[in-house]
Amino acid sequence: MARVDRRRTEPPVIPLRDANPTKRFPVVTLALIAANVAVFLLWQPSFGTQLEQQTFYFCHAEIPWEVSHQENLAHGGLDARAALDADLGPGAGVDVQTLVQVECPDKSWWLAIFVAMFLHGGWFHIAGNMLFLWIFGNNVEDRLGYVVYPLFYVLGGLAASGLQLAFAPDSTIPNLGASGAIGGILGAYIVLFPHARVLTLIIFFFITVVEIPAGVVLAIWFVLQLFSGVGQLGADVGGGVAYWAHVGGFAFGAVVAWLFYRRRGGPGPTEYGVAQEPFER
C-alpha cells in the first residue's frame with residue numbers, strides 16, 4: 001500500500017523561532033498542538049506495524065476518490081477497485097477493498113476530511129508541522145482572536161483539501177496531515193507580519209543560523225511547494241507530499257488576511273514586525 005501525506009519537504013531554510021511578541025496567551029495554538037500530539041501518540045498506531053498504520057490511514061484519513069464520489073472505498077464496488085488498481089497496482093483493489101470492508105465498512109468520507117487534519121505519517125512529519133504551528137500560529141491567533149482563529153484554521157485545512165482534490169479527484173491514496181491548515185497560517189503571517197525577524201537554520205552547501213524577514217522565509221517555502229506541485233503534474237505519483245494542499249492552504253490564508261485584517265488597526269511593523277530585543281520565546 002502507499003499513501004500521500006502532507007509532509008514538508010526538506011527546505012533549505014528551517015525556521016527556529018521568531019521575534020514577534022504577542023499580547024494574548026496562545027491558548028488555541030497550544031490546544032491544537034496538544035490535540036495533534038495526543039492523536040499521534042494515543043490513537044494512531046504510531047508504534048505499530050506498517051500494515052496497521054496503512055489500515056488506519058485507509059480507515060480514517062481523507063481519500064480524494066471517496067470525496068469526489070461521495071462514497072467510501074468499502075462500498076465503492078468495481079469503480080473503487082479499478083481506481084485502487086490504478087494507484088497501487090493490479091490486484092490491490094480487491095485486497096484493499098476487502099480490508100476496509102472488514103475493518104471500517106461504515107467510514108464517513110466527509111468526517112475523514114476533518115479527522116485527516118490531525119493525523120500524521122511519522123515523527124518527522126508531526127515534529128515539522130508542530131514547529132511551524134508554534135512559531136507562526138501564536139501571532140496569527142493574537143491578531144485574529146480566540147473565536148475566529150480556530151475557524152480560520154479549519155477553513156484553511158478545507159481549502160487545502162479542496163485544491164488537492166481538484167488536481168487528483170480520483171486518487172485513492174490517503175491524504176493526512178495538518179500542513180494544509182498550517183499553510184493557511186503561513187499565508188496569513190506573510191501578509192500580517194512580513195518584516196518579523198525569524199531565526200532560521202540555512203542548509204545550502206553550508207549550515208548556519210541567521211535572522212531573516214518572515215516574508216523571505218515564507219516566500220521561499222511557498223515557491224518550493226508551488227514548483228514541486230507543478231513538477232508532479234502528469235507524473236505517476238503513488239505517495240509522498242500533497243504539495244497542492246500546501247499551496248491551497250497558503251493562498252487561502254494570504255487572501256483572507258489581505259482582505260479582512262491587513263488594514264485593520266493593531267500593532268504595526270515597529271511593534272510587531274521588527275525585533276526590538278533578543279529572542280525571548
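A distance of 14.5 Å separates CZ in Arg197 from CZ in Arg17, rounded to the nearest 0.5 Å. If you take CD1 on Ile113 and CD on Glu66, they are separated by 9.5 Å, rounding to the nearest 0.5 Å. The line from CG of Leu133 to CD1 of Ile33 is 4.5 Å long, rounded to the nearest 0.5 Å. Here the CG-CG distance, from Leu192 to Asn20, works out to 10.0 Å after rounding to the nearest 0.5 Å. The CG atom of Leu16 sits 6.5 Å away from the CD1 atom of Ile135 when rounded to the nearest 0.5 Å.
In this view, Gln97 and Arg81 satisfy the side-chain hydrogen bond (donor to acceptor under 3.5 Å, both in side chains) rule, not counting sequence neighbours. In this view, Glu141 satisfies the salt bridge (charged side-chain N to carboxylate O under 4.0 Å, His left out) rule with no residue, not counting sequence neighbours. Applying the side-chain hydrogen bond (donor to acceptor under 3.5 Å, both in side chains) criterion to Trp110, with sequence neighbours excluded, gives Ser108. The side-chain contact (heavy atoms from CB on, under 4.5 Å) check on Thr98 picks up Val94, with sequence neighbours excluded. Every side-chain contact (heavy atoms from CB on, under 4.5 Å) that Asp79 has, sequence neighbours left out, goes to Trp65. With sequence neighbours left out, Ala159 forms a side-chain contact (heavy atoms from CB on, under 4.5 Å) with Phe252. Applying the side-chain contact (heavy atoms from CB on, under 4.5 Å) test to Pro45 and every residue at least two apart in sequence or in another chain returns Glu52, Gln53, Phe56.
The side-chain hydrogen bond (donor to acceptor under 3.5 Å, both in side chains) analysis of residues 144-156, with sequence neighbours excluded, yields the pairs Thr29-Tyr149. Residues in residues 161-193 take part in no disulfide (SG to SG under 2.5 Å) pair, two or more places apart or across chains. Judged as a disulfide (SG to SG under 2.5 Å), the pairs with a partner in residues 86-204 (not counting sequence neighbours) are, in order, Cys59-Cys104. Residue pairs meeting the salt bridge (Lys or Arg N to Asp or Glu O under 4.0 Å) criterion with at least one partner in residues 114-124, sequence neighbours excluded, do not occur; the list is empty. Pairs of residues two or more places apart, or lying in two chains, never qualify as disulfide (SG to SG under 2.5 Å) while including a residue from residues 116-158.
Just one of Leu218, Leu131, Ile182 meets the side-chain contact (heavy atoms from CB on, under 4.5 Å) condition when paired with Phe136; it is Leu218.
Under the 30°/60° scheme for interplanar angles, the aromatic rings of Trp221 and Phe132 are found to be tilted.
Using a distance-only test at 3.5 Å, with no hydrogens or angles considered, no donor-acceptor pair links the side chain of Asn72 to the main chain of Trp109. Between the side chain of Gln101 and the main chain of Ala74, a donor-acceptor pair closer than 3.5 Å is present. Judged by distance alone, with hydrogens and angles left aside, the side-chain atoms of Arg24 form a donor-acceptor pair with the main-chain N or O of Asp142 at under 3.5 Å. At distances below 3.5 Å, not a single donor-acceptor pair connects side-chain atoms of His195 with backbone N or O atoms of Ala214. The main-chain N or O of Ala112 is never found under 3.5 Å from a side-chain atom of Lys107 such that the two would form a donor-acceptor pair.
In terms of heavy-atom proximity, Ala168 sits nearest to Pro64 at O-CB, 3.2 Å. Summarising the geometry of Glu103 relative to Thr55, their closest heavy-atom pair is CG-CG2, 3.8 Å, with the distance given to 0.1 Å. Contact record, Asn175 with Ala242: OD1-CB, 4.1 Å, taken as the closest heavy-atom pair. The shortest non-hydrogen separation linking His246 to Gln225 is ND1-OE1, 2.6 Å.
With no hydrogens or angles considered, no side-chain donor-acceptor pair links Thr200 and Glu211 at under 3.5 Å. Asn138 and Thr22 share no side-chain donor-acceptor pair at under 3.5 Å.
Put simply, the side chain of Val67 does not reach to within 4.5 Å of the side chain of Ile63, judged on heavy atoms.
The aromatic ring centroids of Trp244 and Phe227 lie 6.0 Å or more from each other. In this structure, Phe118 has its ring center at least 6.0 angstrom away from the ring center of Trp43.
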